[in-house]
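Report on the structure given below.
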Amino acid sequence: MIGYIKPDVDEFKVRELKLYNAYYCGICTLLAKRYGPLSRLILSYDATFFAIMNDAFSKEERKFSKSRCPLPPFQKKNIIDSSSVEFGTVISKFGLDLKIDDIKRDSKGIKHALSFMLIHFRMDEELFHKSKPYLDRILFSELTENTDPYEVADNFGKFSQNLAYFSKNLSIASMMMYLIGRWVYLIDALDDLEKDSKVKNYNPFLLKYAHLKPNGDFFQKIRSNEQNSMDFLMKRIQEEFSEIDGQMTRNQNLIENVIFYGMPKVTEKIMNKKGEKK
């Protein structure tokens, strides 16, 4: 469920794209400093969005500097150095922590062994403790094969909301982060219909529509049936942004791009996906 909260770079002005990249590269640089070069691989659009959102309500002065980028080498990138970038780093690492925990629980052989090789990525105990109730409910839904996607998405939304509460700056945007969390879970499940069906992974939409004859355009029918619900959820997120954007001290254009262009573009691409037929 990583990488869906992305901008539409085609809609960025040049200075906005440079600013977005400064956050992205700032998190990347800080990850490498704290956890080594390979940790750059855990950077995501989602963590960058959390950092940009957090900074939008911050009164802290935004500091710019330069850092050498390994891709391409010998080239220096503009980066932002702030507590919001550090928050994005925490979110990035926490995502990996959860992935490692998932591998330990569900995998055997080389994947299981690999998870212990990554043990130096210590989980943030406070963040994990506050998030555990929602993560446990999501896991319980998987184990009991809950057929209601929106009930499971509610818990993922509360998990996202809890991440917002973890930062004092983001608490004002907690409802929007809740709705975005719901969207992330649902769009991920709709994106993975074909894959989950093939490898028998839990997917609440496959269970919800198990009564349909699994032939023809089975997966497209599921997405088509859920189109109105996803459109309504996207509209709610945009309305929530409109309620709080006046309280932001900066980054309105970056966040507006993600919510009004990037996320709808991702939704459209997945809902109109032409996958293999069942």
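If you're wondering where the values come from, they're calculated on a predicted model, not measured in any experiment.
Residues N201 and D192 have side chains not in contact (no heavy-atom distance under 4.5 Å, counting atoms from C-beta outward). Looking only at side-chain heavy atoms (C-beta outward), L135 and F159 come within less than 4.5 Å of each other. Side-chain atoms of M175 and Y178, non-hydrogen and from C-beta on, do get closer than 4.5 Å to each other. Proximity of P204 to T147: side-chain heavy atoms (C-beta onward) are nowhere separated by under 4.5 Å. You'll find the side chain of I27 stays beyond 4.5 Å of the side chain of F87, heavy atoms only. By the 4.5 Å heavy-atom criterion applied to side chains, T267 and L190 are not counted as neighbours. With contacts defined as side-chain heavy-atom distances shorter than 4.5 Å, the pair F49/S44 does not qualify. With contacts defined as side-chain heavy-atom distances shorter than 4.5 Å, the pair L186/P149 qualifies.
Salt bridge status for R223 with D217: absent, with no side-chain N to carboxylate O gap under 4.0 Å. A salt bridge does not link K235 with D231: none of the charged nitrogens is closer than 4.0 Å to a carboxylate oxygen. Under a 4.0 Å N-O distance rule, the pair D136/K132 qualifies as a salt bridge.
No hydrogens or angles considered: a donor-acceptor pair under 3.5 Å links the side chains of D188 and Y4. Checked by atom type, the side-chain pair Y23/N251 shows a donor-acceptor distance below 3.5 Å.
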Carefully, step by step, assess F260 and I255 under the rule side-chain contact (heavy atoms from CB on, under 4.5 Å). CA-CA 8 Å; F260 285 88; I255 299 166; over 6 Å; no

Going through the checks in order, is the side-chain contact (heavy atoms from CB on, under 4.5 Å) test met by K265 and K269? CA-CA 6 Å; K265 192 173 183 178; K269 180 179 178 181; 5.9 Å; no

Carefully, step by step, assess Q161 and Y134 under the rule side-chain contact (heavy atoms from CB on, under 4.5 Å). CA-CA 10 Å; Q161 188 176 43; Y134 311 112; over 6 Å; no

Walk me through whether I187 and M230 qualify under side-chain contact (heavy atoms from CB on, under 4.5 Å). CA-CA 8 Å; I187 205 66; M230 295 303 295; 3.9 Å; yes

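Atom CD of E239 sits in a crowded spot, with more than 12 heavy atoms from other residues, nucleotides or ligands closer than 6.0 Å. Within 6.0 Å of atom OH in Y150, more than 12 heavy atoms from other residues, nucleotides or ligands are found, so the atom counts as buried in its surroundings. The number of heavy-atom neighbours closer than 6.0 Å to OH of Y261, taken from other residues, nucleotides and ligands shown, is 12 or below. Within 6.0 Å of the CZ atom in F64, the count of heavy atoms belonging to other residues, nucleotides or ligands exceeds 12.
Of all heavy-atom pairs between Y35 and T89, the closest is CE1-CG2, 4.3 Å. Residue D191 comes nearest to K273 through the heavy atom pair O-NZ, 2.7 Å, listed as atom of the first residue, atom of the second, then distance. When all heavy atoms of S131 and L163 are compared, the pair lying nearest together is OG-CD2, 4.2 Å. The two residues I42 and S92 come nearest to each other via the heavy atoms CD1-O, 3.8 Å. I244 and A173 make their closest contact through CD1-CB, 3.7 Å (heavy atoms, listed as atom of the first residue, atom of the second, distance). For the pair G181 and S160, the tightest heavy-atom approach, listed with the atom from each and the gap, is CA-CB, 3.7 Å.
In terms of the side chain to side chain contact (heavy atoms under 4.5 Å, CB included) criterion, residue partners of S67 (sequence neighbours excluded) are, by chain and number, T29, I79. The side chain to side chain donor-acceptor pair (under 3.5 Å) test applied to Y165 returns S174, not counting sequence neighbours. N257 pairs by the side chain to side chain donor-acceptor pair (under 3.5 Å) definition with nothing, not counting sequence neighbours.
Between the side chain of Y202 and the backbone N or O of N146 there is at least one donor-acceptor pair closer than 3.5 Å. N155 places no side-chain N or O within donor-acceptor distance of the main-chain N or O of R137, the cut-off being under 3.5 Å. In this structure, the side chain of T144 engages the main chain of F140 through a donor-acceptor pair within 3.5 Å.
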Enumerate, atom names and distances included, each donor-acceptor pair closer than 3.5 Å involving a side-chain atom of residues 11-21, sequence neighbours excluded.
residue: E16; atom: OE1; partner: K13; partner atom: N; Å: 3.0
residue: E16; atom: OE2; partner: N253; partner atom: ND2; Å: 3.1
residue: N21; atom: ND2; partner: L17; partner atom: O; Å: 3.3

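From F232, atom CZ reaches atom CD1 of I237 across 11.0 Å, with rounding to the nearest 0.5 Å. Note that CD of Q238 and CG of L233 are 10.0 Å apart. Values are rounded to the nearest 0.5 Å. Atom CG in L41 sits 8.0 Å away from atom OG in S39 (nearest 0.5 Å). The line from CD1 of I172 to CE of M53 is 9.5 Å long, rounded to the nearest 0.5 Å. A distance of 12.0 Å separates CD1 in I138 from CG in L143, rounded to the nearest 0.5 Å. Atom CZ of residue F156 and atom CZ of residue R182 lie 12.5 Å apart, to the nearest 0.5 angstrom.
For the salt bridge (Lys or Arg N to Asp or Glu O under 4.0 Å) with K208, the qualifying choice from E145, E226, E151 is E226, the only one to do so.
The stretch residues 241-263 participates, sequence neighbours left out, in these salt bridge (charged side-chain N to carboxylate O under 4.0 Å, His left out) pairs: D55-R250. Applying the salt bridge (charged side-chain N to carboxylate O under 4.0 Å, His left out) test to pairs two or more places apart or on separate chains, those with a residue in residues 66-89 are R34-E86.
Grouping the Ile, Leu, Val, Met, Phe, Trp and Tyr side chains by contacts below 4.5 angstrom, directly or via other members, places L212 with L207.
Between Y45 and Y24, the ring planes lie tilted relative to each other; the angle falls in the 30° to 60° range.
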